[in-house]
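What follows is one structure encoded as structure tokens, with my remarks underneath.
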Amino acid sequence: MINEVYEKLIEPKNIRSHFKSIEEFESWLETGTIDDLKCTLNAFEDAEMYEDCVIINNLVKKHGTSNTDVN
């Protein structure tokens, strides 16, 4: 049961639904590391959420490839 809830929670469409604006989504993305962003990007690509992939990819490019906090 808990695994099912977790799996639904981490689905990209459910993650995205928690943010009312692109700015809120970007702010959340910036709390992670570059590796976090890359994993998030892969999940959003698999979910075919390409508009959000552009946002995530731009942050990856903006902050380089180091494994540090984005902000």
Side-chain angles (χ1 to χ4, degrees):
M1 167 99 172
I2 191 87
N3 288 339
E4 290 176 27
V5 172
Y6 177 75
E7 290 297 321
K8 288 184 185 225
L9 179 66
I10 64 168
E11 287 179 19
K13 67 179 180 176
N14 292 330
I15 291 172
R16 191 61 177 92
S17 72
H18 292 284
F19 303 102
K20 296 176 184 166
S21 67
I22 291 172
E23 292 79 16
E24 284 184 9
F25 181 56
E26 288 176 340
S27 179
W28 174 76
L29 290 167
E30 290 180 349
T31 64
T33 65
I34 295 299
D35 285 344
D36 295 335
L37 287 174
K38 289 178 180 180
C39 289
T40 303
L41 179 58
N42 287 336
F44 276 70
E45 286 174 342
D46 290 345
E48 299 180 358
M49 297 178 67
Y50 301 118
E51 291 178 15
D52 292 325
C53 289
V54 170
I55 295 167
I56 300 164
N57 195 44
N58 286 340
L59 283 174
V60 169
K61 288 179 182 178
K62 178 180 175 181
H63 296 290
T65 59
S66 66
N67 188 22
T68 60
D69 286 342
V70 174
N71 51 1

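A distance of 10.5 Å separates OG1 in Thr40 from CD1 in Ile10, rounded to the nearest 0.5 Å. The structure places CG of Leu37 at 11.0 Å from CG of Asn42, a figure rounded to the nearest 0.5 Å. In this structure, NZ in Lys62 is found 5.5 Å from CD in Glu30, a value given to the nearest 0.5 Å.
Applying the ring-ring contact (aromatic ring centres under 6.0 Å, His included) test to residues at least two apart or on different chains, the pairs with a partner in residues 22-42 are Phe19-Phe25, Phe19-Trp28, Phe25-Phe44. Judged as a side-chain hydrogen bond (donor to acceptor under 3.5 Å, both in side chains), the pairs with a partner in residues 49-61 (not counting sequence neighbours) are, in order, Arg16-Asp52.
Smallest separation of non-hydrogen atoms from Pro12 and Ala43: CG-O, 3.5 Å. Pairing each heavy atom of Thr33 with each of Asp36, the nearest pair is N-OD2, 2.9 Å. Closest approach of His18 to Glu24, counting heavy atoms only: O-OE1, 4.3 Å.
For Ser17 and Asn14, the side-chain atoms include no donor-acceptor pair closer than 3.5 Å.
Under the 4.5 Å side-chain heavy-atom criterion for grouping Ile, Leu, Val, Met, Phe, Trp and Tyr, Ile22 is connected to Ile56 within one hydrophobic cluster.
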